[in-house]
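These numbers come from the heavy atoms of this one structure, side chains and all, not from hydrogens, waters or symmetry mates. When a ligand or atom number is given, it counts from 1 through the structure's own listing order.
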Amino acid sequence: MPALYKHRFSCSFLMSASHIPHHVAIIMDGNGRWATKRGLPRSMGHKKGAETVKEITRAAGELGVKYLTLYAFSTENWQRSPDEVETLMGLLRQYLKSDLQELQKNNVRIRFIGERDMLAPDITAAMAKLEADTAGNDGLTLCVALSYGSRQEIVSAVKKAAALVKKGDLQAEDIDAKMFSEMLYTQAMPDPDLVIRTSGEQRVSNYLLWQIAYSELFFTKTLWPDFNKDELTAIINDFKTRERRYGKN
Ligand code: FPP
C-alpha cells in the first residue's frame, strides 16, 4: 500500500471521522491518458473506464457507502470532438440498457443529475426508466452526473427561488442554505463526505461546488481505468483518520 495512504498521525482521535464516509463523490479522470500510454485510441480508455464504474459501484456498496456520485460527463465535455462525444454517449446507452439486472441484484438505486435537455431523447427516456425501475432499492444510491456543471446547477436553483419569490410563494428573507440545497439537482441527498479525483490532477472542475463545502478531498495519481476496490478501501481508511472540524476549533 502506498505510504501516502497509511494512517496519518492524528492528535485528536475523537475528532477523526473514524467511520465509513456516507457519501463518496468521484471525478473519474485519466481515461484518455490510460489509452494513449498503451498506444490505443481514447475510446478504449473510456470503455475500460465504464468497466471500472461497475467495479467501483459494487465495491462502494460492499464497503457500506450509502451514496456514490460519479462525474461521467460535464457540460464542458460537449466541447470534445464529435467522435469522442459519440463514444461516450454510446457507452452510456450500453450502460443504461444493460445494467438494470446488476443494479437490482445489488439493491442499488440510481439517479441522474445534470441538464437532461442537452441529451438525446432515447437517452433521457432510458435514464428515467432506470430511475423508476430502481426507485424501490434501499442499498447504495448511485448518482451519475451527466451533462452536469455545478455553476449551471447553482444558477438554475437561483432561478427557481427567484420565480417563487416573483409569484409571491416565497419571501426572499426566508431563503437559507438548507432550502437552497433542496433546489439543487442533488435535492434530498446528503453532501459528500469525501471527494476523490483520479489521474493526479488537483482541481474540482465545476463539480458539486455548493455540496463539497466541507468535504474531505483526496487526489490519487491512479488513472480511472486502473482504479479498483483495494485503492478505494485504502482511501476510505485514510478518510477515517481525518479530523473534520467544519470550521470549528
Ligand atoms: C475523464 O477522462 C473521463 C471522462 C470525461 C468520462 C468518464 C466516463 C466514463 C468513466 C465511462 C462512461 C460512464 C458511464 C457511467 C457508463 P479524460 O478523457 O479526461 O482523460 P484524460 O484527462 O487522460 O484525457
Side-chain angles (χ1 to χ4, degrees), residues 24-61 67-103 106 108-116 118-120 122-131 133-134 140-150 152 185 195-208 219-229 231-232:
V24 177
I26 307 185
I27 302 177
M28 310 183 285
D29 197 9
N31 292 350
R33 275 163 284 169
W34 183 91
T36 306
K37 264 175 54 183
R38 286 163 176 77
L40 298 168
R42 290 175 60 83
S43 57
M44 293 307 289
H46 294 312
K47 197 161 176 248
K48 182 75 169 56
E51 286 168 25
T52 308
V53 166
K54 293 188 185 185
E55 177 182 346
I56 293 303
T57 302
R58 235 183 347 260
Y67 293 86
L68 175 68
T69 300
L70 300 177
Y71 206 178
F73 194 87
S74 71
T75 42
E76 290 70 29
N77 288 154
W78 288 113
Q79 289 158 33
R80 293 198 173 188
S81 75
D83 267 7
E84 186 161 347
V85 170
E86 206 30 65
T87 295
L88 286 165
M89 292 300 137
L91 283 169
L92 181 61
R93 278 191 179 90
Q94 246 179 21
Y95 178 83
L96 292 169
K97 262 198 241 146
S98 70
D99 220 45
L100 178 61
Q101 252 187 339
E102 168 91 358
L103 296 173
N106 296 322
V108 175
R109 175 179 191 172
I110 196 162
R111 66 184 277 185
F112 297 94
I113 56 171
E115 292 179 35
R116 292 190 193 211
M118 301 281 290
L119 295 159
D122 68 303
I123 291 187
T124 50
M127 285 159 61
K129 182 166 183 331
L130 210 50
E131 283 179 324
D133 287 347
T134 61
L140 175 80
T141 294
L142 171 64
C143 174
V144 183
L146 267 181
S147 191
Y148 173 86
S150 186
Q152 292 83 338
Y185 300 143
V195 178
I196 301 169
R197 182 173 189 144
T198 59
S199 92
E201 307 292 349
Q202 302 194 10
R203 295 187 283 277
V204 290
S205 300
N206 205 14
Y207 191 43
L208 304 170
F219 300 100
T220 169
K221 289 204 165 92
T222 304
L223 304 174
W224 176 251
D226 290 329
F227 195 70
N228 60 23
K229 184 178 183 181
E231 187 162 6
L232 178 63

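Remark: minimum distance from atom 9 (C) of ligand 1 to any protein heavy atom is reached at Asn31 ND2, 3.7 Å. Looking only at protein heavy atoms, the nearest one to atom 19 (O) of ligand 1 is Arg80 NH2, 2.8 Å. Among protein heavy atoms, the minimum distance from atom 20 (O) of ligand 1 is reached at Gly32 N, 3.0 Å. Of the protein's non-hydrogen atoms, Ala50 CB, 4.2 Å is the one closest to atom 12 (C) of ligand 1. If you check which protein heavy atom lies closest to atom 14 (C) of ligand 1, you get Val53 CG2, 4.3 Å.
Taking each heavy atom of Ala25 and Leu208 in turn, the nearest pair found is CB-CD1, 3.8 Å. Shown here for Leu146 and Ala72, the closest heavy-atom pair between the two residues is CD2-CB, 4.1 Å.
Glu201 does not count as a contact of ligand 1, since none of its heavy atoms falls under 4.0 Å from the ligand. Using a non-hydrogen distance threshold of 4.0 Å, Ser199 does not register as a contact of ligand 1.
Of all the listed residues (Met28, Lys47, His46), Met28 holds the heavy atom that lies closest to atom 1 (C) of ligand 1. Here the shortest heavy-atom distance to atom 2 (O) of ligand 1, taken over Gly30, Gly45, Ser98, belongs to Gly30.
Under a cutoff of 6.0 Å and an axis angle of 45°, Arg38 and Trp34 form a cation-pi pair.
Arg197 and Ser205 share a side-chain donor-acceptor pair at under 3.5 Å. In this model, no donor atom of one side chain and acceptor atom of the other lie less than 3.5 Å apart for Glu115 and Ser147. Side-chain N/O atoms of Thr220 and Glu231 include a donor and acceptor closer than 3.5 Å. Under the 3.5 Å distance criterion, with hydrogens and angles disregarded, a donor-acceptor pair is assigned to the side chains of Ser199 and Arg33.
Residues satisfying the salt bridge (charged side-chain N to carboxylate O under 4.0 Å, His left out) criterion with Lys97, sequence neighbours excluded, are absent altogether. By the ring pair (Phe, Tyr, Trp, His ring centres under 6.0 Å) test, Tyr71 pairs with Tyr148, Tyr207, sequence neighbours left out.
Atoms of ligand 1 found under 4.0 Å from any heavy atom of Ala72 (numbered from 1 in listed order, with element): 6 (C), 7 (C), 8 (C). Residue-ligand proximity, Arg33 to ligand 1, at heavy-atom distances under 4.0 Å covers atoms 21 (P), 22 (O), 23 (O). The distance from ligand 1 to the heavy atoms of Tyr95 drops below 4.0 Å at these ligand atoms: 16 (C). Those atoms of ligand 1 with a heavy atom of Arg42 less than 4.0 angstrom away are 17 (P), 18 (O), 24 (O). Counting the atoms of ligand 1 from 1 in the order shown, those under 4.0 Å from a heavy atom of Trp224 are 10 (C).
Under the 4.0 Å criterion applied to side-chain N and carboxylate O atoms, Arg58 and Glu102 are assigned as salt-bridge partners.
The part of Asn77 lying near ligand 1 is the side chain, judged by heavy-atom distances below 4.0 Å. The residue Lys37 has no part lying near ligand 1, judged by heavy-atom distances below 4.0 Å.
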